[in-house]
Amino acid sequence: MRIAVLSGAGISAESGVPTFRDDKTGLWAKYDPYELSSTDGWQSHPERVWAWYLWRHHLVERVQPNDGHRAVAAWQDYADVTVITQNVDNLHERAGSTTVHHLHGSLFEFWCDTCGSRFHGPLPDMPEPELEKMPPQCDICGGLIRPGIVWFGEQLPDEPWQAAVEAAATADVLVVVGTSAVVYPAAGLPEVALAQGVIVVEVNPEQTPLSGTATLSIRESASTALPRLLPQLPELLAN
Ligand code: NAD
Ligand code: ZN
């Protein structure tokens with residue numbers, strides 16, 4: 001059996017990584033989230049954007065994968081599993097998933113915004129959140145080191161996107177978990193799957209634009225629903 005998983009911020013919420021919607025409290029509440037995650041924001045305030053991502057990098061290092069991430073990793077014992085994630089954390093990998101495509105980049109990759117060279121650290125520590133911190137400079141050209149995140153105004157990287165389309169179109173089941181299913185192009189993957197006759201299972205405590213068209217919509221949290229999902233799949237596939 002081939003299982004593709006499309007995950008979003010909701011699967012990591014139970015590990016303590018806030019979703020964008022929940023992240024309005026705290027230190028960064030006064031900033032426009034667009035400014036912290038766009039090329040415009042980076043150009044006008046790199047010290048704010050760098051502080052925000054450095055803090056999130058360290059925050060993610062301190063949290064643990066939850067039963068949702070672990071269930072997806074455990075499916076590898078029974079199926080060919082491809083994870084497609086909009087998340088920039090590394091919780092799927094830390095739970096043990098071996099094939100993970102990051103559509104929106106990663107908090108664990110950094111490169112020079114001028115010459116594109118990879119930056120291998122060391123990264124400054126940030127034990128407490130700071131609102132501003134100047135990014136390190138590139139050893140080669142002196143450019144600013146930026147987080148390897150796909151910002152608003154940037155194209156999705158080609159390789160993970162192609163792999164995601166292929167996985168969604170050729171799976172037996174696509175499990176869509178913890179995503180509001182409104183951010184395109186990732187939100188188009190369930191449509192690709194449905195058009196190919198792939199069974200689409202949604203896991204989300206809230207209704208989303210996908211709930212009406214999904215083969216099955218499970219209105220539960222990721223850590224509750226995912227560990228119970230595998231035994232239900234043969235019956236879904238048979239129908
Ligand atoms: P989103 O914030 O738009 O939607 C989160 C969805 O998760 C909601 O539909 C919500 O109902 C659902 N949800 C909340 N708790 C859940 C749970 N316990 N189990 C299952 N579902 C739950 O997130 P998105 O669709 O991923 O899109 C937002 C963008 O923000 C993405 O591009 C992503 O890159 C970025 N982001 C990433 C992280 C991360 O890496 N952990 C965190 C925040 C935002
Ligand atoms: Zn450089």
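Just so you know, these numbers use all the heavy atoms, side chains as well, and skip hydrogens, waters and symmetry mates. In listed order, ligands and their atoms are each counted from 1.
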Close-contact set for ligand 1 against Ser180 heavy atoms, below 4.0 Å: 1 (P), 3 (O), 4 (O), 6 (C), 9 (O), 25 (O)

Residues that Glu61 engages under side-chain hydrogen bond (donor to acceptor under 3.5 Å, both in side chains), provided they are two or more places apart: His58

Same cluster (ILVMFWY, side-chain, under 4.5 Å), Val183 and Leu6: no

Arg56, portion touching ligand 1 at heavy-atom distance under 4.0 Å: side chain

Enumerated ligand 1 atoms positioned under 4.0 Å from heavy atoms of Pro205: 13 (N), 16 (C), 19 (N), 20 (C), 21 (N), 22 (C)

Whether Trp151 and Tyr53 hold their rings parallel, tilted or perpendicular, with breakpoints at 30° and 60°: tilted

Residue selection (non-hydrogen contact nearest atom 19 (N) of ligand 1) among Ala222, Ala225, Ser15: Ala222

N or O pair under 3.5 Å between Thr208 and ligand 1: no

Side-chain heavy-atom pair Tyr31, Arg48 within 4.5 angstrom cut-off: yes

Shortest heavy-atom approach to atom 41 (N) of ligand 1 - which of Leu6, Leu210, Asp89, Thr179: Asp89

Aromatic ring proximity, centroids under 6.0 angstrom, Phe110 and His57: yes

Ligand 1 atoms in contact with Val88 (distance to a heavy atom under 4.0 Å): 39 (C), 40 (O)

Atoms of ligand 1 close to Gly178 [distance to a heavy atom under 4.0 angstrom, numbered from 1]: 5 (C), 6 (C), 7 (O), 20 (C), 21 (N)

Set of residues satisfying salt bridge (charged side-chain N to carboxylate O under 4.0 Å, His left out) with respect to Arg228, sequence neighbours excluded: Glu220

The Zn ion (ligand 2) neighbourhood, protein N/O/S only, threshold under 2.8 Å: Cys112 SG, Cys115 SG, Cys138 SG, Cys141 SG

Heavy-atom proximity to atom 16 (C) of ligand 1, best of Ala9, Pro33, Gly16, Gly10: Gly10

Electrostatic pair Lys133-Glu47, nearest N-O below 4.0 angstrom: no

Nitrogen or oxygen of Val17 less than 3.5 angstrom from that of ligand 1: no

Atoms in ligand 1 with a heavy atom of Gly8 nearer than 4.0 Å: 26 (O)

Between Ser7 and His92, a side-chain donor and acceptor under 3.5 Å: yes

Numbering as shown, the atoms of ligand 1 that approach His104 to under 4.0 Å (heavy-atom distance): 31 (C), 32 (O), 33 (C), 34 (O)

Residues clustering with Ile11 (ILVMFWY side chains joined when closer than 4.5 Å, directly or via others): Met1, Ile3, Val5, Val72, Trp75, Tyr78, Val81, Val83, Val100, Val173, Val175, Val177, Ile199, Val201, Val203, Leu216, Ile218, Leu226, Leu229, Leu230, Leu233, Leu236, Leu237

Proximity of Ser221 to ligand 1 by residue part, where a heavy atom lies under 4.0 Å: both

His104 side, atom NE2; Asn87 side, atom CG - distance, nearest 0.5 Å: 9.5 Å

Check: Ser15/Asn66 side-chain N/O donor and acceptor closer than 3.5 Å: yes

Stepwise salt bridge (charged side-chain N to carboxylate O under 4.0 Å, His left out) check, Glu154 with Arg146: CA-CA 14 Å; Glu154 295 185 314; Arg146 58 160 286 174; 2.8 Å; yes

Side-chain H-bond candidate by donor/acceptor type, Glu93 with His102, under 3.5 Å: yes

Per-atom contacts, ligand 1 versus Glu206 - under 4.0 Å to a heavy atom: 11 (O)

Proximal candidate to atom 33 (C) of ligand 1 [heavy atom criterion; set Gln86, Glu14, Gln207]: Gln86

